Amino acid sequence: MSFRVIDRADPGNPWFSWDYVQSNSDTILAALREHAWLTAQAVLIAALVAIPLAVLAYWFRSLTGPILALSGVLYTIPSLALFAFAAPYLGTGTATVLLGLVLYALLLIIRNSLAGLNQVPAEVRDAAQGMGYGRFARLLRIDLPLALPGIFTGLRLATVSTVALVTVGVLVGHGGLGQLILGGFRNNFFKAEIMTGTILCVVLALVLDLILAGLGRLLTPWARRRGAAG
Amino acid sequence: MNPIDQAVTWINDPLNWTNPGGILDRLVEHLGISAAAVALGCLVAWPLGLWLGHTGRGGGAVVLVSNLTLAIPTIALLTILPLTALGFGKPPVIIALAVFAVPPLLANAYTGIRQVDPEVRDAARGMGLSGGQLLRRVELPLAVPYLAAGFRTAAVQVVATAALASFVNGGGLGQIISAGFGLGISAGGGQILAGGLLVALLALVVEVIFAGLERIVTPRPLRRTRRRVARQADQRAAAAITGS
């Protein structure tokens, strides 16, 4: 409780300071870069695992239950516990953080991709079948393009929650902007450092979300046209 | 000795359970913080969600709240709140966790009321029920399964996130993992693994208990369709969150 006294009595500890940002721009940029890089890697790997799993669940109905249940269990396990499981084996490097992030992002992408695939109209599937499309050709040229809105919903949810989750990586020393947030807390409750990390984190999440939303719009021009007509 | 053997040894040492700051202490702390956070979340989110659902307004606000809280790192709130007027101790931790319990509680309360069949609502109005009576006697009972689903999601999430309180020395089972990292991987590997196991196990147990509770409060005829409806609602919510 003595901390509170220090905090109240210290007028030189503002919530935000340009001075801090300018004199520590190298550290801040390095943290931001690590954060963005970890997020991009995690979402990319998660997508590469999750989308094929969603396709499997779409093709073979009997696999839907087990795939969703398994990813649901992985999602329920707290991120801290995932890091704790990985750390004794992978050490305190980015690999540990990455594994936790990927396992956590899986469910969001699988569930939304599957929902997108299941929304492909039955008539369209029948028509494709009638035109002689095989299973893979239909997947690549009919099912996946039509499922893009669902897939992008999953990617966006996964990206936003991964950005927030990277901060937990401070546990093993690779938390991106989390390093600033917790570093500021441990460095005599340096509010400016904490706030800078937090703001950049939220901004990064919003920017990545907007980029993915834009990409989704670019890739599904038909949805936009329909939206404009309706 | 490999980390798994170390973890087994650590967890089998009775002193690690009963010592001050041992597993039992931390478990009680963890459950106390989580229960307070979920209770606080319910106190705020349920009345608001029910009222918004009843008036049919504020769907956009519900989505906005979910979006914003998804982007805020838990650690940020855990470190910022103690530096405000709240001061150090349990209250800032509880409030930080409650913030993350609000979106599922709010969204489910809102959806629960909105999904009530408009004809049922009309019939109730026609029978002369006032707005408050309609909410209390018709909408609320029909929304109970949704409220239970939101409660389960919130409870699991809070129990999982409460492990992060250890970053600011806030107590709970996460403290065991942090202490393990403090010892270093080679010496504390077993403790880290054991702590992770305890945290994961607790989250899964809470999930199973509340899933059972959700089933019990859902009337039997609704159970099969409810699952389908819930899946659709999930998809709609996911679509709504990203605005697609």
Side-chain angles (χ1 to χ4, degrees), chain A residues 1 3-4 7 13 15 73 76-89 91-92 108 111-112 115 118-119 149-150 152-154 156-157 160-161 163-168 170-172 175 177-178 181-182 184-185 189 191 194-195 197-198 201-202 204-206 209 212-213 216 223, chain B residues 2-4 6-7 67-80 82-83 87-89 156 159-164 166-168 173-174 176-178 180-181 185-186 188-190 192-204 206-207 231 234-235 238-239 241-244:
Chain A
M1 280 300 153
F3 294 126
R4 200 192 295 187
D7 168 47
N13 191 3
W15 279 108
V73 168
T76 308
I77 295 176
S79 45
L80 192 71
L82 284 179
F83 290 159
F85 290 147
Y89 297 98
T92 53
L108 294 170
R111 203 166 57 182
N112 285 288
N118 282 332
Q119 273 166 7
F152 268 92
T153 303
R156 287 173 64 186
L157 285 174
V160 173
S161 49
V163 170
L165 206 61
V166 169
T167 54
V168 179
V170 285
L171 188 68
V172 290
L177 294 164
I181 297 175
L182 209 66
F185 191 78
F189 313 113
K191 290 175 182 170
I194 298 177
M195 215 31 150
T198 306
C201 218
V202 174
L204 182 66
L206 292 180
D209 191 45
L212 279 176
Chain B
N2 75 41
I4 292 183
Q6 268 183 315
N67 274 345
L68 279 180
T69 49
L70 198 62
I72 300 173
T74 317
I75 295 177
L77 278 190
L78 282 172
T79 50
I80 288 173
L83 305 182
F88 285 81
V156 173
V159 166
T161 339
L164 298 181
S166 60
F167 283 17
V168 293
L173 284 172
I176 294 171
I177 303 177
S178 297
F181 273 104
I185 294 278
S186 53
I192 295 170
L193 211 58
L197 197 71
L198 291 169
V199 172
L201 216 59
L202 184 64
L204 291 176
V206 168
E207 161 86 19
R231 229 183 347 253
D234 263 7
Q235 286 163 11
I241 282 173
T242 46
S244 60

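Just so we're clear, the structure is a prediction, and the values are computed from it rather than from any experiment. Quick note on labels: first sequence line is chain A, next is B, and so on, each numbered from 1.
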Checklist line | Region of F167(B) in contact with chain A, defined by heavy-atom distances below 4.5 Å | finding: both
Check: Who among A71(B), G195(B), S166(B), G189(B) has the most heavy-atom pairs with chain A under 4.5 Å?
Finding: A71(B)
Note to self: Using heavy-atom distances under 4.5 Å, tell me whether V163(A) contacts chain B through its side chain, its backbone, both, or neither.
What the structure shows: neither
Next item on the list: Sort I4(B) into side chain, backbone, both or neither according to what part of it lies under 4.5 angstrom from a heavy atom of chain A.
Entry: both
Notebook entry, point to check: Under a 4.5 Å heavy-atom cut-off, does chain B meet the side chain of F85(A), its backbone, both or neither?
Noted result: both
Next item on the list: Side chain from CB out, backbone as N, CA, C, O: work out which of these in I177(B) comes under 4.5 Å of a heavy atom of chain A, or both, or neither.
Entry: side chain
Check: Strictly under 6.0 Å, is that where the ring centroids of F181(B) and F83(A) end up?
Finding: no
Margin query: I'd like to check the side-chain hydrogen bond (donor to acceptor under 3.5 Å, both in side chains) partners of T74(B); sequence neighbours left out, ordered by chain and number.
Written below: none
Check: Looking at V159(B), T161(B), L197(B), L78(B), which one has more heavy-atom pairs under 4.5 Å with chain A than the rest?
Finding: L197(B)
Check: Who among L212(A), L206(A), I77(A), V160(A) has the most heavy-atom pairs with chain B under 4.5 Å?
Finding: V160(A)
Margin query: Between V156(B) and chain A, with a heavy-atom cut-off of 4.5 Å, which part of the residue counts as in contact: side chain, backbone, both or neither?
Written below: side chain
Margin query: Need one label for V166(A): side chain, backbone, both or neither, based on atoms under 4.5 Å from any heavy atom in chain B.
Written below: neither
Margin query: Quick check for you: among I192(B), T79(B), V168(B), which has the greatest number of heavy-atom pairs under 4.5 Å with chain A?
Written below: T79(B)
